[in-house]
Colleague: 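Dropping the structure in here first, questions after.
Numbers here are sequence positions counted from 1. Everything numeric in this text was worked out from a predicted model, so none of it was measured.
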Amino acid sequence: MNLFTTRLPVFRAFALAGTLALGPTAAIAQAEKPQTGGTLNVGLVYFTLSPLSWDQADWPWKFGQDTGLMYEQLWAGDLSKAKSRGGKHGFVADSWLPTDAIRGELAESWKMLENPLRVEVKLRKGVMFPDKPGVMKSRELVAQDVVDTFYRLDKSPKKIPTYYDHVDKVEAVDKHTVLFSFKNYNAEWDYRFGWGYYSGIVPKEVADAGAKDWKNANGTGPFALTDYVQGNAATFSKNTLYWDKESIGGQAYKLPFVDKIVYRTIKDEATMYTALRTGKIDLLESIRWSAVEELKKSAPALKWKRWVNTGGVFVAMRVDTKPFDDIRVRRALNMAVNKQEIVKSYYGGNAELFAYPMHPDYIGYFEPLEQMPIAAQELFSYNPDKAKALLAEAGYATGFSFKVQVCACSPDQMDLLPLVAAYLEKVGVKIEIQPMEYGAFLSAMTTKTNAAGYMMQNGHTNPTTSIRKSFVTKQTWNPAQYSDPEFDKRMALVYLERDESKRQLLLKLMTRDIVEKAPYIWLPTAYVYSAWWPWVKNYDGELRVGSERPGPIHARIWIDQAMKKKMSF
């Protein structure tokens, strides 16, 4: 499938149809009349983590999750294509929107033009920023807001290297038209600035007032941030000026439905599960498999959805340090870990042996392990004897020791790493476990000062970025510090390729290669569960409509107050 040729007719169809002013259409089992009012309490996917920064120019990966209720983007996932509404998409992927599941949010229409290559975006008219005392007066969103946002990100010293290298310039042609001129084609052009991790349109007034201060935040979205207590909660209140609507049962309703949404931060898993069980949380997006049965017994009315984790877990080995500059050592450590036993005993069968760096949901890109070369397959088979032989061949017959940093914010990794250590010790390799608070942990990777071993869960993102960000030279999310000039060249060709079927083949071959080179100890990918009370309406387990961005999903939820009261909550 050719990304350029398949998307362009869709863009024109959207522009001509003029139907995007309404949000997703509920196609099945959603004929109830929405109720307004009340508060929706949510435990997000990463409920142990507070917002990393309220300033998008800091390039915080959680920005879309934390601010997606107030900062809108040019494009978003089209929830009318959700399985719950008669479509085929689950909207679970952390940052992947299939070609047929994208709608305009702030963009009303768009088209790609050739010679020179550029994208023309027409913005919706009448979209308003609300009044923010001390920061800005209420005014209309205009093209210059998009331009200002882009260049503020582009000039940030924290920008991800190469992220906007394909962009020549961005300019406001008129009040509601933005023109993106490209130096060259990039297969992720719409993701990089349109619906990606760093795509929220932030007005210049907020930047001037100080975007790091949550009290200055102000966007065009369905809610405004009205209170924030670090480590506790972020509270969002209804924006009465919001432009979008939701069509249910053939009737259009003004969004949002609830008066407030509270995103809760609770570092302790058990405490969050108690909050769900007692109804203090209406919706919890991430539950470890080990807690599910007990919750089903103690709160049988909960509704459930199971999904393959959208982040891969691994121990990165710095290939720029000894002994991990030797591929034999890296492959040996993979063979030394009994991954099948981890799936069976640690996860109770609730994990996939191989689901990273490509996610099984990436149809056309994902290649099952059994179809990959033997050199890749054997890294997932427990073979301590061969591991010892490879270590001896590399000059480490008596083993060695190294430090592994791990985030204390992740109970799963804190529990799993000692098990990995026990396997490695059987082949003479000892590890020193260093738990770290998230800020220091993340900083170690981004500043390239992380230890020789670094255990983390890293989001798949999308099929191209999953490979680029983790294995291309000097990329931010490359804790193994992997570097191969030929691999980098292959990645560049992927981005230039307009034919999606050709990109899929290129990425399959690159995935095979990187798995075999083993810069990580590849670990199983767990299943995760989401749960919500039945009074949560117009929802069926959808998690994201862009890069970690649940805001438009939550804005379409309403609370059945009568049901909640009847259930004694």
Side-chain angles (χ1 to χ4, degrees), residues 19-45 64-73 75-87 89-93 97 101-106 124 127 195 219-224 236-263 281-285 303 305 530-561 563-564:
T19 60
L20 289 176
L22 298 184
T25 302
I28 55 173
Q30 299 290 349
E32 299 176 63
K33 183 177 179 179
Q35 299 179 27
T36 58
T39 299
L40 175 69
N41 286 278
V42 181
L44 295 167
V45 170
Q65 182 182 97
D66 299 321
T67 68
L69 286 167
M70 60 177 175
Y71 289 132
E72 294 189 287
Q73 304 178 346
W75 298 285
D78 184 355
L79 282 168
S80 71
K81 305 295 179 64
K83 292 178 181 178
S84 62
R85 292 157 165 83
H89 300 296
F91 290 101
V92 166
L97 293 176
I102 298 176
R103 74 176 185 114
E105 190 169 62
L106 294 177
R124 297 184 190 282
V127 175
W195 53 267
T220 59
F223 289 87
F236 298 85
S237 300
K238 178 186 290 190
N239 173 13
T240 57
L241 298 180
Y242 189 55
W243 61 272
D244 203 2
K245 297 180 180 180
E246 169 86 331
S247 182
I248 297 174
Q251 184 174 344
Y253 296 89
K254 182 176 173 59
L255 290 172
F257 295 124
V258 299
D259 290 335
K260 288 186 178 181
I261 292 181
V262 180
Y263 287 163
I281 293 290
D282 302 295
L283 161 63
L284 182 52
E285 293 184 336
K303 304 180 74 173
K305 177 69 69 72
S530 300
W532 61 97
W533 287 97
W535 59 71
V536 174
K537 298 293 185 178
N538 206 32
Y539 179 75
D540 191 42
E542 297 86 8
L543 297 178
R544 301 140 169 135
V545 287
S547 302
E548 299 289 358
R549 186 169 177 245
I553 299 169
H554 298 160
R556 287 165 169 78
I557 291 175
W558 74 83
I559 302 294
D560 187 328
Q561 303 288 356
M563 178 187 292
K564 187 174 182 179

Colleague: Test your reading of the model: is there a side-chain donor-acceptor pair from Arg549 to the backbone of Gly64, 3.5 Å cut-off?
Modeller: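 Not at all, since once roles are kept as given, no pair shorter than 3.5 Å links the two residues.
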Colleague: Passes side chain to side chain contact (heavy atoms under 4.5 Å, CB included), Trp532 versus Asp540? Steps please.
Modeller: CA-CA 9 Å; Trp532 61 97; Asp540 191 42; 3.9 Å; yes
Colleague: Nearest heavy-atom pair of Pro34 and Ile248: which atoms, and what distance?
Modeller: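 Reported closest heavy-atom pair: CG-CD1, 3.6 Å.
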Colleague: If every non-hydrogen atom of Phe236 is compared with every non-hydrogen atom of Asp66, which pair is closest and at what distance?
Modeller: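 Closest pair (atom of Phe236, atom of Asp66, distance): CZ-O, 3.2 Å.
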Colleague: Could you tell me the separation between the OG1 atom of Thr220 and the OH atom of Tyr242, rounded to the nearest 0.5 Å?
Modeller: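 Thr220 OG1 to Tyr242 OH: 7.0 Å, rounded to 0.5 Å.
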Colleague: Does Asp244 pair with Arg124 as a salt bridge, N-O distance under 4.0 Å?
Modeller: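 Looking at Arg124 together with Asp244, the answer is no, because their closest N to O distance does not fall below 4.0 Å.
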Colleague: Are His554 and Leu44 side-chain neighbours, meaning at least one heavy-atom pair lies under 4.5 Å?
Modeller: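 Yes, close enough: below the 4.5 Å cut-off.
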Colleague: Got Leu255 and Phe223 here, is their nearest side-chain heavy-atom distance under 4.5 Å?
Modeller: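 SC-SC contact between Leu255 and Phe223 ruled out.
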Colleague: Looking at every heavy atom in both Val92 and Gly541, which two are closest together, and how far apart are they?
Modeller: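 That would be CG2-O, 4.3 Å.
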Colleague: Does any donor atom in the side chain of Trp243 or Glu72 lie under 3.5 Å from an acceptor atom in the other side chain?
Modeller: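 Yes.
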Colleague: Which residues satisfy the ring-ring contact (aromatic ring centres under 6.0 Å, His included) test with Tyr71, sequence neighbours excluded?
Modeller: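 Tyr71: ring-ring contact (aromatic ring centres under 6.0 Å, His included) contacts with Phe63.
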Colleague: If we only count heavy atoms from C-beta on, is the Leu79 to Arg85 side-chain gap below 4.5 Å?
Modeller: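 Answer yes - side chains close enough.
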Colleague: Do other residues, nucleotides or ligands put more than 12 heavy atoms under 6.0 Å from the NZ atom of Lys564?
Modeller: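 Yes - once you tally the heavy atoms of other residues, nucleotides and ligands closer than 6.0 Å, there are more than 12.
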Colleague: Look up atom NZ in Lys305 and atom CD in Glu285, then write down how far apart they are to the nearest 0.5 Å.
Modeller: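 The NZ atom of Lys305 sits 12.0 Å away from the CD atom of Glu285.
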Colleague: Considering only heavy atoms from C-beta outward, does the side chain of Ile102 approach that of Lys81 to under 4.5 Å?
Modeller: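 No, side chains not in contact.
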Colleague: Compare every heavy atom of Ser237 with every heavy atom of Lys260, then report the nearest pair and how far apart it is.
Modeller: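 Residues Lys260 and Ser237, closest heavy atoms: CE-OG, 3.8 Å.
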Colleague: Determine whether Asn538 and Glu246 make a side-chain contact, defined as any pair of heavy atoms from C-beta on separated by less than 4.5 Å.
Modeller: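 Yes, side chains in contact.
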Colleague: Does any non-hydrogen side-chain atom of Phe91 lie less than 4.5 Å from one of Pro552?
Modeller: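 Sidechains of Phe91 and Pro552: no contact.
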Colleague: Quick one, Ile557 and Ile261 - any side-chain contact, counting heavy atoms below 4.5 Å?
Modeller: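 Side-chain contact under 4.5 Å: no.
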Colleague: Checking ring-ring contact (aromatic ring centres under 6.0 Å, His included) between Trp558 and each of Tyr253, Phe257, Tyr539, which is the one that passes?
Modeller: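 Among Tyr253, Phe257, Tyr539, the one meeting ring-ring contact (aromatic ring centres under 6.0 Å, His included) with Trp558 is Phe257.
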Colleague: With heavy-atom distances below 4.5 Å as the criterion, would you say the side chains of Val545 and Glu105 are in contact?
Modeller: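 Contact flag for Val545/Glu105 side chains = no.
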Colleague: Looking at Gly221, is its backbone amide N or carbonyl O close enough to the side chain of Asn239 to form a donor-acceptor pair, meaning the two atoms are under 3.5 Å apart?
Modeller: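 At least one qualifying donor-acceptor pair exists.
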Colleague: Which atom pair, heavy atoms only, marks the closest approach of Ala82 to Glu542?
Modeller: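 Looking at all heavy atoms of both residues, the shortest contact is CB-OE2, 3.9 Å.
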Colleague: Indicate yes or no for a side-chain donor-acceptor contact from Ser547 to the backbone of Trp195 under 3.5 Å, with no hydrogens or angles considered.
Modeller: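 The answer is yes, because a donor-acceptor pair under 3.5 Å joins these two groups.
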Colleague: For the OG1 atom of Thr36 and the CD atom of Gln561, what is their distance to the nearest 0.5 Å?
Modeller: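 Nearest 0.5 Å value for the OG1-CD distance: 9.0 Å.
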Colleague: So, for Gly43 and Ile281, which heavy atoms are closest and what is the spacing to 0.1 Å?
Modeller: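 Reported closest heavy-atom pair: N-CG2, 4.0 Å.
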Colleague: With sequence neighbours left out, write down each residue that passes salt bridge (Lys or Arg N to Asp or Glu O under 4.0 Å) with Glu548, or none if nothing qualifies.
Modeller: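 Salt bridge (Lys or Arg N to Asp or Glu O under 4.0 Å) list for Glu548, sorted by chain: Arg544.
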Colleague: Please answer whether the main-chain N or O of Asn41 pairs with a side-chain N or O of Asp282 as donor and acceptor at a distance below 3.5 Å.
Modeller: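 Here the side-chain-to-backbone pair exists.
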Colleague: If the condition is side-chain contact (heavy atoms from CB on, under 4.5 Å), which residues does Asp560 pass it with, not counting sequence neighbours?
Modeller: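 Once residues adjacent in sequence are excluded, the partners of Asp560 under the side-chain contact (heavy atoms from CB on, under 4.5 Å) criterion are Glu32, Gln35, Trp535, Lys537, Ala562, Met563.
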Colleague: Hey, could you give me the CG/CG distance between Asp259 and Leu40, rounded to the nearest 0.5 Å?
Modeller: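 Asp259 CG to Leu40 CG: 11.5 Å, rounded to 0.5 Å.
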